[in-house]
Enquirer: 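Structure in structure tokens, see below.
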Amino acid sequence: MSNRKIKTFAPKGTRDFLPVQMFTRNKIINLIKKIFEKYGYEPLETPSIERLDVLTGKYGEEGDQLIFKILKRGTGLDKVGVELKEFTVTDYKDIIDLGLKYDLTVPLCRVIAMHKDKITFPFKRYQIQPVWRADKPQKGRYREFYQCDVDVAGSSSMLADFEIIYMVYEILKTLGFKNFLIRINNRKILNAILEHCKIEQNKSFFVLSAIDKLDKIGKKGVINELKKKNINEKVIDNLLEIILLEGTFEQKLNELGHIFKENKIGNEGIEELKEIFYYLSKTDIDSDFYSLDLSLSRGLEYYTGPIYESVVKEPKIGSLTGGGRYDKLIGMFLGEDVPATGTSLGIERIIDVMTELNMIPETKTITKVLITTFDENLKQESINTTWKIRNSGINAELFFEPLRLNKQLSYANKKGIPFVCIIGPDEKKQNKVKVKNMKTGEEKLIENNKIVEFIKSITD
RNA sequence: GAGGGUAUAGUUCAGACGGUUAGAACGCCAGGUUGUGGCCCUGGAGGUCAUGGGUUCAAGUCCCAUUACCCUCCCCA
């Protein structure tokens with residue numbers, strides 16, 4: 001053995017998930033999967049890596065920079081000691097051809113374009129996989145994290161958007177969230193507002209991202225931000241007056257209707273939201289859980305219609321889920337537009353928030369029984385009993401080394417295994433197994449041929 | 001891309017003005033109990049004080065650089 005140690009640290013923005021953490025992760029993921037499947041959504045997985053041109057140009061300039069890019073084989077740049085004389089990169093494609101996937105929506109679009117003949121539309125799929133962002137990590141933000149997407153492609157119906165929003169509600173509710181808000185808006189309405197306020201196309205991105213910060217930096221903050229971008233004060237006033245419209249969604253939408261008058265895009269957006277809100281109002285969801293929020297814009301460039309995200313007030317961590325309609329994105333791969341809508345659930349953030357709010361009871365182990373090994377002579381007895389219990393479908397662990405009993409019991413105790421089987425000479429003589437309840441300390445001698453039945457009865 | 005913080009045992013952290021064998025808690029190992037865990041008691045292992053350089057008679061402590069991680073902004077799940 002070498003006494004040299006490799007310094008251990010996880011790369012920034014990444015984490016190891018130890019068994020105790022995996023239990024809660026799996027629990028949450030399984031619950032989410034079950035709900036997706038209940039609504040008729042089916043699983044999909046795609047590779048970690050994609051061709052770079054599949055990824056770029058979908059997330060905006062900022063997003064493109066955050067894609068992890070992979071050095072092409074054969075550039076020589078991955079070798080040490082090789083002189084690369086007069087090596088000039090004129091195009092990143094010369095040295096990079098692949099990237100790690102940045103989200104699950106773009107790969108979905110690629111899949112739809114590639115396998116259109118095998119897919120029945122509307123295509124309702126869910127996908128739970130890690131994605132990577134070359135970001136600077138901070139609270140609630142990682143460089144490798146799981147996303148969990150549900151989308152429906154091939155339907156323009158607002159029922160699809162409504163169904164997605166309802167699923168988000170059901171998932172958060174089922175996970176135990178009490179206070180959250182699903183904010184809903186529409187890109188068409190935002191575009192109409194920008195048009196109405198006569199904001200130039202090239203400034204629309206800045207304006208939208210400033211407005212999006214409304215609940216974070218307040219009205220004054222937004223005004224400052226917009227002034228910095230040389231937006232005329234009159235325009236700012238006009239803009240904020242609309243964004244800050246008050247009242248129920250109906251009142252807001254009607255007011256927007258008056259403002260837009262003949263604006264076709266704007267009116268389309270209004271009609272879409274009216275439909276979604278109508279469906280929502282007919283459900284069991286308390287209206288406190290969703291609202292029309294005209295300041296919501298969402299960063300990704302590809303959204304074309306209704307957009308939505310869910311947030312919690314405490315702790316401050318950004319959004320838990322986010323999504324919207326993207327009717328043009330698949331067309332970038334296929335050549336013909338396929339309407340689509342969907343959302344992404346941030347599993348990491350959901351878990352972080354649930355942990356911070358103490359919403360997750362700790363699971364120490366999922367093993368129900370430890371079978372101790374008394375000595376070499378009785379080893380086979382323990383093996384037999386272990387397999388008998390396992391074959392009945394109960395999680396059981398066999399202690400391999402015939403160490404002193406206190407070691408074996410201490411192990412069960414530390415791991416939190418609730419029951420222990422002891423098979424020593426006394427038990428063997430009587431053809432019995434001693435079963436100890438680690439919580440109460442109670443012990444019972446059970447007939448060998450009744451052991452499975454007994455374990456079943458106490459572990460249910 | 002801009003700014004701030006931190007780096008000492010497996011882990012979380014102490015180490016006033018630089019001064020002799022670097023500490024605690026938890027965890028780990030052994031024993032107290034060779035058929036009984038948790039609690040308690042006793043003992044033990046474990047640190048080139050992130051790396052490299054500098055100042056000094058003397059550096060974990062002061063200075064510089066490097067690296068890593070954390071946090072804030074931008075942006076996002």
Enquirer: Which base sits across from G46(B) as a Watson-Crick or G-U pair, both distances under 3.5 Å?
Expert: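 Result: none.
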Enquirer: What about E443(A), does its side chain sit under 3.5 Å from the base of U36(B) through a donor-acceptor pair?
Expert: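 Donor-acceptor pair under 3.5 Å: yes.
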Enquirer: Could you check which of G35(B), U36(B), A77(B) has an atom nearest any side-chain atom of L409(A)?
Expert: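 Side chain of L409(A) sits closest to U36(B).
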Enquirer: Is there ring stacking between F374(A) and G35(B), where the centres must be under 5.5 angstrom apart and the planes under 30 degrees?
Expert: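 No.
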Enquirer: Just N and O in the side chain of K216(A): are any of them under 4.0 Å from OP1 or OP2 of C74(B)?
Expert: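 Yes, within the criterion.
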Enquirer: So, OP1 or OP2 of G32(B): does either fall under 4.0 Å of a side-chain N or O from R404(A)?
Expert: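 For R404(A), the contact criterion (side-chain N or O under 4.0 Å from OP1 or OP2 of G32(B)) is met.
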Enquirer: Does K436(A) place a side-chain N or O at less than 4.0 Å from the phosphate oxygens OP1/OP2 of G35(B)?
Expert: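 No.
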Enquirer: May I ask you to check whether F277(A) and F249(A) place their ring centres under 6.0 Å from each other?
Expert: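 Aromatic pair counts; centres sit under 6.0 Å.
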Enquirer: Please measure how far the C1' atom in C62(B) lies from the corresponding atom in G3(B), and state the result in whole Å.
Expert: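 Nearest-Å result for C62(B) against G3(B) at atom C1': 25 Å.
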Enquirer: According to a strict under-4.0 Å criterion, is R349(A) in side-chain N/O contact with OP1 or OP2 of C76(B)?
Expert: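 For R349(A), the contact criterion (side-chain N or O under 4.0 Å from OP1 or OP2 of C76(B)) is not met.
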Enquirer: Choose from C70(B), G1(B), U36(B) the nucleotide whose nearest atom is closest to any side-chain atom of K12(A).
Expert: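 Selected nucleotide: C70(B).
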Enquirer: In whole angstroms, how far is the P atom of G35(B) from the CG atom of L403(A)?
Expert: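 After rounding, the gap between these two atoms is 13 Å.
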Enquirer: Would one find a side-chain N or O of Q147(A) under 4.0 angstrom from OP1 or OP2 of A77(B)?
Expert: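 The answer is no; no side-chain N or O of Q147(A) sits under 4.0 Å from OP1 or OP2.
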Enquirer: May I ask you to check whether Y102(A) and Y59(A) place their ring centres under 6.0 Å from each other?
Expert: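 Here the rings of Y102(A) and Y59(A) have centres that are less than 6.0 Å from each other.
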